[in-house]
Chemist: 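This structure is in structure tokens; I'll ask about it shortly.
Counting starts at 1 for both ligands and their atoms, following the listed order.
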Amino acid sequence: MPLARLTGLVSKAFLPKPPDSIAVAVSGGSDSMALLHLMHDLCDRHATRLFAVTVNHGLREGAAAEARQVAEHCAQLGIPHETLIWTDWDGKGNLQAEARDARYRRMAEWAGSLGIRSIVVGHTADDQAETVLMRLARRAGVDGLSAMPPRTMRYGIDWVRPLLSATREELRMYLRQRGIGWSDDPSNDDIRYVRIKARKALAALQDLGIDATGLAVVAGQMRDARVALDWQTFLAARELARVTAGAVVLDERRLRIQPEEIQRRLLVRALIWISGSDYPPRRNAVATLVAALRGGQAATVDGCLALRVGEDIWICREHAAVRDLRADPDALWDGRWRLRASDENRTRDGLHIAALGPEGIAQCADWRAAGLPLQVLQSTPAVWRDDTLVAAPLAGNDQNWHAALESDEETFFAGLLSH
Ligand SMILES: Nc1ncnc2c1ncn2[C@@H]1O[C@H](COP(=O)(O)OP(=O)(O)OP(=O)(O)O)[C@@H](O)[C@H]1O
């Protein structure tokens with residue numbers, strides 16, 4: 001009897017009880033229609049206000065009619081429903097990915113305007129298994145194979161996926177038992193999409209006894225392994241890492257005795273924290289960087305520079321990656337530095353901030369007194385008037401200006417645990 005199990009899955013996702021108001025994202029397909037009903041029952045029991053939302057991407061004939069059907073269905077259940085229209089695609093990039101991203105953004109904006117902080121989505125064990133297969137094809141490691149998490153914070157919304165261990169068939173059985181219909185998206189049969197290829201491959205793997213539930217369990221275990229690795233990386237970082245002048249400094253001898261995966265994770269997190277990138281650098285790029293450092297060489301990746309200085313490895317911004325940046329002196333510089341003048345009355349006209357770079361060092365006679373490696377100092381912010389250096393706070397040449405990181409050492413350490 002699937003009902004009790006499915007009811008249990010949605011209540012478990014919101015223990016001890018759901019928030020006062022919550023939204024469910026309904027495409028009109030079987031997964032999200034089942035989710036709509038399961039959430040309706042749950043919210044009824046807890047007097048939670050449930051809202052529903054559908055995004056019409058306008059990409060298929062029939063999309064508007066499907067959205068209308070969802071709206072009518074919600075009206076019968078007494079659930080306020082909104083259809084959001086997405087017509088902004090500029091023809092660039094991957095349509096599927098663009099549509100997904102736009103969908104999440106639009107739904108987040110809509111929820112924010114109603115004061116809703118959580119949106120429930122209907123990803124299933126089948127979606128999870130397809131994701132695992134696609135990631136295997138891309139030679140993913142523990143992180144990639146952990147597939148979709150049960151919750152994600154994105155665009156200020158807590159996205160909840162309570163059905164990750166339920167199969168599509170289970171949900172369809174639930175709908176049939178209740179006499180509820182759903183729409184079938186014809187693109188779900190379009191073999192040009194990698195996801196649909198993975199779906200077909202999954203069907204073929206049944207003969208080997210590999211099914212969606214089994215692969216979803218693997219994804220869950222990978223997620224646990226990932227959390228354990230993140231903790232191990234965090235504890236290692238506390239032992240051997242520190243932040244100085246916006247750079248991450250690693251004690252090379254202590255780093256070397258860590259398992260390779262921990263070394264890699266620590267380097268990756270340092271690179272992400274410094275570059276501000278949303279994505280980790282490619283595996284090959286990190287492997288090349290590790291090899292270079294072992295050989296005592298410096299290497300660059302994603303606008304960052306890693307170099308060996310005595311017993312330490314310094315990872316800093318590559319000054320050339322930010323040297324052309326021009327901003328007003330009060331702006332956030334390179335996504336993480338904020339400059340302040342102690343004398344607020346001094347004129348700022350004609351000033352801009354750019355990396356100190358070799359040109360700045362050339363105008364900074366006693367930069368060595370700062371005790372920082374040359375390359376690190378070059379990547380720090382400096383105040384300029386045209387080509388003339390006005391202040392280089394980290395080189396200590398003008399006491400009137402101070403530079404502070406918006407994202408400090410604690411943020412770096414916390415970032416090691418938040419994935
Ligand atoms: N157009 C949409 N409008 C609102 N929510 C959507 C939309 N498309 C997807 N979602 C949400 O994201 C979840 C997963 O999306 P996915 O693309 O895997 O689903 P689908 O195959 O389009 O539909 P379903 O999961 O309902 O069968 C859906 O279950 C639903 O909660």
Chemist: Minimum distance, heavy atoms only, to atom 17 (O) of ligand 1: which one of E66, R103, R100 is it?
Modeler: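 Of the listed residues, R103 has the closest heavy atom.
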
Chemist: Quick test: of every protein heavy atom, which one is nearest to atom 13 (C) of ligand 1, and how far off is it to 0.1 Å?
Modeler: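 Nearest neighbour among protein heavy atoms for atom 13 (C) of ligand 1, to 0.1 Å: G122 N, 3.8 Å.
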
Chemist: Nearest to atom 19 (O) of ligand 1, what protein heavy atom do you find, and at what distance?
Modeler: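 Residue, atom and distance for the closest contact: S27 OG, 4.7 Å.
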
Chemist: Considering only non-hydrogen protein atoms, determine which one is nearest to atom 14 (C) of ligand 1 and report residue, atom name and distance to 0.1 Å.
Modeler: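 Heavy-atom neighbour on the protein nearest atom 14 (C) of ligand 1: H123 NE2, 3.2 Å.
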
Chemist: What pairs with D158 under salt bridge (Lys or Arg N to Asp or Glu O under 4.0 Å), at least two apart in sequence or on another chain?
Modeler: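 For D158 the salt bridge (Lys or Arg N to Asp or Glu O under 4.0 Å) partners, ignoring immediate neighbours, are R151.
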
Chemist: Considering the heavy atoms of V53, write down every atom of ligand 1 situated less than 4.0 Å from one of them.
Modeler: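 The list of qualifying atoms is 4 (C).
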
Chemist: For S30, take its heavy atoms, then give the atoms of ligand 1 lying under 4.0 Å from any of them.
Modeler: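 Contacts of ligand 1 toward S30, numbered from 1: 27 (O).
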
Chemist: Considering only heavy atoms of V26, which atoms of ligand 1 have at least one such atom less than 4.0 Å away?
Modeler: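 Within the 4.0 Å cut-off of V26, ligand 1 contributes 3 (N), 4 (C), 5 (N).
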
Chemist: Please say whether more than 12 non-hydrogen atoms of neighbouring residues, nucleotides or ligands are located less than 6.0 Å from CZ in R49.
Modeler: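 Incorrect, the count does not exceed 12.
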
Chemist: Which atom names give the shortest non-hydrogen contact between S165 and L9, and what distance separates them?
Modeler: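 It is OG-CD2, 3.6 Å.
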
Chemist: Could E260 and R264 be called an ion pair, given the rule that one side-chain N must be under 4.0 Å from one carboxylate O?
Modeler: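 Answer for the salt bridge query: no.
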
Chemist: Return a yes/no value for A25: is any of its N or O atoms, backbone included, closer than 3.5 angstrom to an N or O of ligand 1?
Modeler: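 Yes: some nitrogen or oxygen of A25 is under 3.5 Å from one in ligand 1.
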
Chemist: G28 to ligand 1: N or O pair under 3.5 Å?
Modeler: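 Such a contact does not occur with ligand 1.
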
Chemist: In terms of atom number and element, which parts of ligand 1 are under 4.0 angstrom from non-hydrogen atoms of T54?
Modeler: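 Close to T54: 3 (N), 4 (C).
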
Chemist: Just by distance, with hydrogens left out, do S30 and R172 show a side-chain donor and acceptor under 3.5 Å apart?
Modeler: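 Yes, side-chain donor-acceptor contact under 3.5 Å.
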
Chemist: Looking at atom 22 (O) of ligand 1, is any protein heavy atom nearer than 4.0 Å to it?
Modeler: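 Under the 4.0 Å cut-off, atom 22 (O) of ligand 1 does have protein heavy-atom neighbours.
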
Chemist: Report yes if some N/O of D31 lies less than 3.5 Å from some N/O of ligand 1; otherwise report no.
Modeler: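 Checking ligand 1 against D31, an N or O pair does fall under 3.5 Å apart.
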
Chemist: Could you tell me whether R106 and D101 make a salt bridge, using a distance below 4.0 angstrom between a side-chain N and a carboxylate O?
Modeler: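 Salt bridge: no.
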
Chemist: Using the side-chain hydrogen bond (donor to acceptor under 3.5 Å, both in side chains) definition, which of the options R176, R178, Q177, E170 pairs with Y174?
Modeler: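 Answer after filtering R176, R178, Q177, E170: R178.
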
Chemist: Is there a polar contact between ligand 1 and Y104, counting only N or O atoms under 3.5 Å apart?
Modeler: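 Checking ligand 1 against Y104, no N or O pair falls under 3.5 Å apart.
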
Chemist: Regarding R154 and the six-membered ring of Y104, is the cationic atom NZ or CZ under 6.0 Å from the ring centre and inside 45° of its axis?
Modeler: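 Yes, R154 lies over the aromatic ring of Y104.
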
Chemist: Given that the side chain starts at C-beta and the backbone is N, CA, C, O, which of these parts of V24 lies under 4.0 Å from ligand 1, counting heavy atoms, or is it both or neither?
Modeler: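 It is neither; nothing of V24 touches ligand 1.
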
Chemist: So is D185 touching ligand 1 or not, going by heavy atoms under 4.0 Å?
Modeler: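 D185: no contact with ligand 1 (<4.0 Å).
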
Chemist: Would you check if the side chain of T124 reaches a backbone N or O of L163 as a donor-acceptor pair within less than 3.5 Å?
Modeler: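 No, T124 side chain to L163 backbone: no donor-acceptor pair under 3.5 Å.
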
Chemist: When you measure from atom 27 (O) of ligand 1 to the protein, is at least one non-hydrogen atom found at a distance under 4.0 Å?
Modeler: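 Under the 4.0 Å cut-off, atom 27 (O) of ligand 1 does have protein heavy-atom neighbours.
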
Chemist: Indicate yes or no: does D31 engage R168 in a salt bridge with an N to O separation below 4.0 Å.
Modeler: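 A salt bridge is present here (some side-chain N lies under 4.0 Å from a carboxylate O).
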
Chemist: Among side-chain atoms of W384 and D386, is any donor-acceptor pair under 3.5 angstrom?
Modeler: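 Side-chain D/A pair, W384 to D386: absent.
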
Chemist: Determine yes or no for a side-chain-to-main-chain donor-acceptor pair under 3.5 angstrom, with R336 supplying the side chain and G246 the backbone.
Modeler: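 Between the backbone of G246 and the side chain of R336 there is a qualifying donor-acceptor contact (under 3.5 Å).
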
Chemist: Could you find the nearest protein heavy atom to atom 18 (O) of ligand 1 and give me its residue, atom name and distance?
Modeler: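 Ranked first by proximity to atom 18 (O) of ligand 1 is D127 OD1, 3.8 Å.
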
Chemist: Quick one: nearest non-hydrogen protein atom to atom 1 (N) of ligand 1, plus distance?
Modeler: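 The closest one turns out to be V55 O, 2.9 Å.
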
Chemist: Strictly under 4.0 Å, does any heavy atom of M33 approach an atom of ligand 1?
Modeler: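 It does not; every heavy atom stays at 4.0 Å or beyond.
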
